[in-house]
Amino acid sequence: MMYRKSSPRIQLSNADLRLQRRVLLAACVVLLAAVVALGIFTVRGASYQDRVKTQFSQRMYSASASAVDEVNKLGSIVTSNASARLARVRQYIYYMEQLNAMSTSLTGNQLAPNDAFTALYGDLESFESLLQQSTTPTLDARSLLLTHLQALQTYLNQ
């Protein structure tokens, strides 16, 4: 005959059962509250990222519009204020690049590709070299810079 070793069953009193149910109920309430709080924080975080991205894109579009205005005011020949206008265009491009970097670090979304800024800085360098020569017409360089800025604006509108 085999003996089976069995542990004696523990009988819980009604008071113990009620206490156990209350502890389980309290644990469920705490877990439910934690899930609700986590959901609220997740929704707030997502809306924060959307607001940040919207703010950065609006500011970036505004800076690109200001840069286009400055380029449009540049003439096809070298004038005395051309270098000052070109410096303001460079400031706007730098500002847009910084906004793009901040947006990337805060939201993980890049507003414009880095190649756009590389092309714009290249256009600025060629325009500045034409300004230093003082005799060369700058219409081609101005047109190229304007085209790249307008392409960036189009990209930002998408």
Side-chain angles (χ1 to χ4, degrees), residues 19-158:
L19 178 64
Q20 187 179 26
R21 285 183 189 140
R22 286 181 184 161
V23 168
L24 286 174
L25 182 63
C28 288
V29 167
V30 167
L31 285 175
L32 181 63
V35 167
V36 168
L38 184 63
I40 289 171
F41 289 135
T42 302
V43 168
R44 283 187 180 174
S47 70
Y48 167 77
Q49 283 188 346
D50 289 341
R51 287 190 315 252
V52 167
K53 183 179 177 189
T54 301
Q55 277 288 327
F56 282 139
S57 64
Q58 287 173 349
R59 289 175 189 255
M60 201 158 163
Y61 185 81
S62 175
S64 67
S66 297
V68 166
D69 287 343
E70 288 294 330
V71 172
N72 281 332
K73 291 176 185 174
L74 286 168
S76 60
I77 58 171
V78 177
T79 60
S80 60
N81 66 351
S83 60
R85 289 198 188 281
L86 201 57
R88 282 193 291 271
V89 171
R90 182 179 290 279
Q91 287 175 344
Y92 286 125
I93 292 171
Y94 179 76
Y95 177 60
M96 288 186 290
E97 186 180 29
Q98 295 305 306
L99 286 173
N100 194 42
M102 286 190 292
S103 174
T104 303
S105 65
L106 288 176
T107 65
N109 295 326
Q110 192 175 28
L111 297 174
N114 289 330
D115 296 341
F117 299 110
T118 304
L120 287 170
Y121 282 127
D123 294 343
L124 284 174
E125 293 297 324
S126 65
F127 201 107
E128 283 176 349
S129 69
L130 290 175
L131 283 179
Q132 289 173 357
Q133 294 172 5
S134 297
T135 57
T136 309
T138 58
L139 184 61
D140 292 337
R142 180 182 162 271
S143 298
L144 187 61
L145 181 60
L146 190 60
T147 301
H148 284 144
L149 281 169
Q150 288 172 340
L152 180 62
Q153 272 188 321
T154 304
Y155 184 83
L156 291 172
N157 276 335
Q158 292 178 354

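Atoms considered below: every heavy atom in the structure, side chains included; atoms not considered: hydrogens, waters and symmetry mates.
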Evaluate the side-chain proximity of [Y] to [X]: yes if any heavy-atom separation is below 4.5 Å, no if none is.
{"X": "R142", "Y": "L139", "result": "yes"}
{"X": "T104", "Y": "N109", "result": "no"}
{"X": "L74", "Y": "F127", "result": "yes"}

Can you name the nearest heavy-atom pair linking [X] to [Y], along with the distance?
{"X": "A63", "Y": "M96", "answer": "CB-CG, 3.6 Å"}
{"X": "A112", "Y": "L152", "answer": "CB-CD1, 3.5 Å"}
{"X": "S57", "Y": "T54", "answer": "OG-O, 3.0 Å"}

[X]: what forms a side-chain contact (heavy atoms from CB on, under 4.5 Å) with it, not counting sequence neighbours?
{"X": "D140", "answer": "none"}
{"X": "F56", "answer": "V52, L99, M102, S103, L106, L111"}
{"X": "D69", "answer": "none"}
{"X": "A119", "answer": "H148"}

Find the distance between [atom1] ([X]) and [atom2] ([Y]) and round it off to the nearest 0.5 Å.
{"X": "R88", "Y": "Q91", "atom1": "CZ", "atom2": "CD", "answer": "8.0 Å"}
{"X": "N100", "Y": "Y95", "atom1": "CG", "atom2": "OH", "answer": "12.5 Å"}
{"X": "L124", "Y": "I93", "atom1": "CG", "atom2": "CD1", "answer": "4.0 Å"}
{"X": "L25", "Y": "Q20", "atom1": "CG", "atom2": "CD", "answer": "12.5 Å"}
{"X": "S62", "Y": "L156", "atom1": "OG", "atom2": "CG", "answer": "11.0 Å"}
{"X": "N72", "Y": "L146", "atom1": "CG", "atom2": "CG", "answer": "5.0 Å"}

Return the set of residues passing side-chain hydrogen bond (donor to acceptor under 3.5 Å, both in side chains) with [X] (not counting sequence neighbours), or none when no residue passes.
{"X": "N114", "answer": "Q110"}
{"X": "N157", "answer": "none"}
{"X": "Y121", "answer": "E97"}
{"X": "Q55", "answer": "R59"}

Please, which pairs that meet salt bridge (Lys or Arg N to Asp or Glu O under 4.0 Å) have at least one residue in residues 113-126, sequence neighbours excluded? R90-E125
